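Predicted model only: the values in this text are computed from it and were never measured. Side chains are part of it too, since the values below use all heavy atoms of this structure and drop only hydrogens, waters and symmetry mates. Order of the sequence lines sets the chain letters (A, B, ...), proteins ahead of strands, with each chain counted from 1.
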Amino acid sequence: MFVVKLIYPKRQSSSVKACFQGEGNTVPGSNRFFLILQDSKAKKAKSKDKKVPEADKRKKPKKEEEQKWKWWEEERYPEGIKWKFLEHKGPVFAPPYEPLPENVKFYYDGKVMKLSTKAEEVATFFAKMLDHEYTTKEIFRKNFFKDWRKEMTPEEKSTITNLSKCDFTHMSQYFKAQTEARKQMSKEEKQKIKDENERLLKEYGYCVMDNHKERIANFKIEPPGLFRGRGNHPKMGMLKRRIMPEDIIINCSKDSKIPPPPPGHKWKEVRHDNKVTWLVSWTENIQGSIKYIMLNPSSRIKGEKDWQKYETARRLKKCVDKIRNQYREDWKSKEMKVRQRAVALYFIDKLALRAGNEKEEGETADTVGCCSLRVEHIKLHPELDGQEYVVEFDFLGKDSIRYYNKVPVEKRVFKNLQLFMENKQPEDDLFDRLNTSILNKHLQDLMEGLTAKVFRTYNASITLQQQLKELTNPDDNIPAKILSYNRANRAVAILCNHQRAPPKTFEKSMMNLQSKIDAKKEQLADARRELKSAKADAKVRRDEKSKKSVESKKKAVQRIEEQLMKLEVQATDREENKQIALSTSKLNYLDPRISVAWCKKWGIPIEKIYNKTQREKFAWAIDMAEEDFEF
DNA sequence: CCCGTAACTTAGAACTGGTATG
DNA sequence: CATACCAGTTCTAAGTTACGGG
């Protein structure tokens, strides 16, 4: 239904190397990979080969079994019930504020000023961000200053009336020195910190849910600081206040050991709700939304849900043709509402747009999704660059990431869009008779469990599968096959518009590479000159020695040409990935079983595709998918 | 239907730490 | 040995969806 265009570097073999840079977990001989792919076989072999002392034998399997609990082989809970037993230690609070040493000064209007602890703390938040572009933004400064003043004593308030007169540079220097000092710490000191973190993780990083120890994702409470919204956020710079035990709701089993609040404090509430998955929650002060502490993606509760998500997408695969025919019919409907719904759904399906909920104006950055598109976000071109009926999209989506695309559409869609835009202002809704709730209700009627986001999952996964089929060359070696995998992944990332800001060091590293290329070019020119003169020489002398010299010079030229090509391909590859992020699609949209099956089919070690964390998250897929798995 | 709220997934940026490089 | 670099990890913002009450 949709086409993803990719430009590939010309030479495969050389860019392979680039792909492998930094993948440090390669094991010589690569046998170990197959241990993981063929777990059961490997285990059998192991127990035959190795003679383990009796005591060890008894202990180890038990431990391993606990670590490798295969929840996916167990029966699921009835709908709505998330757990039967839940015990945890509660959250870890942000460390208390440590006042600055006396010699670190803050200046107002050129004069030293000693701040109260509360005001000082908030000032340090700003000082720590001084190098960031944020602090130059008008809205950020205004919001910060307003909230900062709330923390000041009456005296401070009356003195400090202008942010521009505040000098945080000394404070900023102090923090930079601190960071530097941390880097310079001795091995022992660093180890001490590491040990302490490990202890914290061990104590607070896990919970017990239904007889199994599970890893918690975010057991640390977000520390206070200045709110950093994405894009043009009206609340940027506001003070994110410190969360206290009195803000915290604990959720756990009635019969579990209830985590005690820190001495001298109380929890806001302790509840025992097994219809939800969270362990701890609190209300954040910027948007007034609720934040949660939940389990790690490797947990049963997250894994099951993830698996279910892909199963829903696979059900969509079975009826997607029917749904597509349906919405194409609906383009002709006499009901405006139905037409809008059908065109919106077409965009969601074809372009993998997000649903697009309405947002409260002034509360968040101005971003849109499909249903919230405005007239100003599209341009209609009856003809553009030799193509008919082109729609030009230009809007900011989630995280204020720009979506820009020129898409040829069916005539009917085009005509409908013209109709929807008639007599509207640029800031009016394109789909004025539609919202996500209407759309999702309709989708629910088409297929149980179908919502707008299922299309994104479905199209991402099916694209990966298709692209893998298309791009994998059976004769390629492993690195070349992995390159194909990454390209398939890239096709999905482009479809889903997963972008990233070019890394800060990108230009520099690109320049380094370019200078390497330039040097190589010069080297090549030299080698060619030498070859030329050797040829001339050989013509005159006509002896064996000069002939040989010509041959070796020829080879040298070839070798340098190849090296140059490699470098250029590497540059292309890096350039192509400059603004594309592969990880989001890999983590959230691609059915891991497709990747696992592909690995098994071609004998690719799973470690080449998934790092340790990803293997933990996708353990279910790695265990259950065979090479013939079809999404 | 509208609206607000709750719960959960998805997202890019910032940070970290281990390793390659000079 | 210091430094640069980058993959992996952490952080938390920003979405989607369901639901209940008027």
Side-chain angles (χ1 to χ4, degrees), chain A residues 18 20-25 80 82 128-129 132 134 179 182-184 190 193-194 197 201 217-223 225 227-231 233 235-236 240 249 251 273 275-278 281 283-284 286-297 301-302 305-306 308-309 348 354-360 363-365 367-372 396-401 435-441 443-444 449-454 456-457 460 493 496-506 508-509 512 574 579-589 610-614:
Chain A
F20 270 81
Q21 275 182 359
E23 281 218 38
N25 46 6
K82 305 298 170 73
K128 281 177 183 170
M129 292 179 76
H132 204 286
Y134 272 121
T179 315
R182 228 172 297 135
K183 271 193 217 154
Q184 300 300 324
K190 281 184 182 170
I193 294 174
K194 215 175 159 186
N197 283 334
L201 174 67
N218 55 325
F219 58 93
K220 289 178 186 156
I221 301 265
E222 298 170 20
F227 177 75
R228 309 149 86 115
R230 309 267 172 87
H233 198 117
K235 299 196 171 184
M236 64 169 85
K240 209 170 89 163
I249 302 173
N251 191 34
D273 182 357
K275 309 278 191 296
V276 297
T277 67
W278 54 268
S281 77
T283 301
E284 152 269 356
I286 304 288
Q287 323 267 3
S289 65
I290 307 168
K291 301 256 183 167
Y292 302 93
I293 290 182
M294 291 183 188
L295 297 195
N296 197 69
I301 213 155
K302 294 290 183 189
K305 199 80 186 294
D306 207 37
Q308 207 175 72
K309 173 182 79 186
I348 285 170
R354 295 188 185 81
N357 288 300
E358 307 98 298
K359 301 168 82 189
E360 215 176 322
E363 291 294 300
T364 59
T367 63
V368 297
C370 186
C371 294
S372 50
L396 297 182
K398 181 176 179 181
D399 293 316
S400 293
I401 297 293
N435 60 39
T436 54
S437 159
I438 295 170
L439 180 67
N440 279 334
K441 257 180 212 126
L443 293 177
Q444 195 58 241
L450 186 61
T451 63
K453 84 187 186 81
V454 179
R456 249 168 103 79
T457 311
C496 293
N497 199 39
H498 289 143
Q499 298 186 24
R500 58 168 184 171
K504 283 226 165 66
T505 52
F506 188 85
K508 213 178 92 191
S509 78
N512 286 344
R574 202 182 289 183
Q579 315 200 62
I580 300 173
L582 301 185
S583 60
T584 303
S585 49
K586 203 181 217 179
L587 238 42
N588 300 300
Y589 288 102
Y610 292 137
N611 67 28
K612 187 164 162 277
T613 314
Q614 293 164 340

Between [X] ([atom1]) and [N] ([atom2]), how many Å, whole number?
| X | N | atom1 | atom2 | value |
| --- | --- | --- | --- | --- |
| A:Leu450 | C:dA18 | CG | C1' | 15 Å |
| A:Asn197 | B:dT16 | CG | P | 10 Å |
| A:Asn296 | C:dT10 | CG | P | 9 Å |
| A:Glu363 | C:dA14 | CD | C1' | 14 Å |
| A:Asn440 | C:dG15 | CG | P | 17 Å |
| A:Asp273 | C:dC19 | CG | C1' | 14 Å |
| A:Gln444 | C:dT16 | CD | P | 17 Å |
| A:Lys183 | B:dG17 | NZ | P | 12 Å |

Please name all residues satisfying side-chain hydrogen bond (donor to acceptor under 3.5 Å, both in side chains) with [X], sequence neighbours left out, ordered by chain then number.
| X | answer |
| --- | --- |
| A:Thr613 | none |
| A:Lys291 | A:Glu222 |
| A:Gln308 | none |

Under 4.0 Å, heavy atoms only, any strand: does [X] hit a base, just the sugar-phosphate, or nothing?
| X | value |
| --- | --- |
| A:Gly356 | sugar-phosphate |
| A:Pro297 | nothing |
| A:Lys194 | sugar-phosphate |

Problem - A:Leu587 side chain near A:Gln614 side chain, heavy-atom distance below 4.5 Å - result: yes

Handout entry: Test item: A:Glu363 and A:Lys235 side chains (from C-beta on) under 4.5 Å apart, heavy atoms
Key = yes

Completion exercise
Taking for A:Gln614 and for A:Gly231 the nucleotide of DNA chain C with the nearest heavy atom, the one nearer the 5' end belongs to A:Gln614

Fill in the blank from the handout: Contacts of A:Thr367 and A:Thr613 projected onto DNA chain C by closest heavy atom; the upstream (5') one is A:Thr613

Phosphate contact ([N] OP1 or OP2) by [X] side-chain N/O below 4.0 Å:
| X | N | answer |
| --- | --- | --- |
| A:Asn218 | C:dC11 | no |
| A:Thr436 | C:dT16 | no |
| A:Asn357 | C:dG15 | no |
| A:Lys240 | C:dA13 | yes |
| A:Lys291 | C:dA13 | yes |
| A:Gln287 | C:dA13 | no |
| A:Lys359 | C:dG15 | yes |
| A:Thr451 | C:dT17 | yes |

Whether the side chain of [X] engages the backbone of [Y] through a donor-acceptor N/O pair (distance < 3.5 Å, no angle test) should be reported.
| X | Y | value |
| --- | --- | --- |
| A:Asn440 | A:Ala452 | yes |
| A:Lys190 | A:Lys183 | yes |
| A:Asn218 | A:Met294 | yes |
| A:Gln579 | A:Ala501 | no |

For [X], which residues count as a side-chain contact (heavy atoms from CB on, under 4.5 Å) partner, sequence neighbours excluded?
| X | answer |
| --- | --- |
| A:Thr457 | A:Lys309, A:Tyr310, A:Ala313, A:Tyr589 |
| A:Ile401 | A:Asp399, A:Asn497, A:Gln499 |
| A:Asn197 | A:Ile193 |
| A:Ser281 | A:Ile249, A:Trp278, A:Ile290, A:Tyr292 |

Completion exercise
Whether each nucleotide of nucleotides 8-15 of chain B has a protein heavy atom under 4.0 Å at its base (B), only at its sugar-phosphate (S) or at neither (-) is summarised, 5' to 3', as BSBSBSS-

Practice task
Give me the bend of the helix from B:dC1-C:dG22 to B:dG22-C:dC1, using the axes of the five pairs at each end, rounded to 10°.
Solution key: 10°

Practice task
Tell me yes or no: between the side chains of A:Lys359 and A:Thr367, is some donor less than 3.5 Å from an acceptor?
Solution key: yes

Close N or O pairs between protein and nucleotides 2-4 of chain B (under 3.5 Å):
none

Fill in the blank from the handout: Sorted by chain and residue number, the ring pair (Phe, Tyr, Trp, His ring centres under 6.0 Å) partners of A:Phe227 (sequence neighbours excluded) come out as A:His233

Restricting both atoms to N or O, compile the protein contacts to nucleotides 20-22 of chain C shorter than 3.5 Å, with distance only.
none

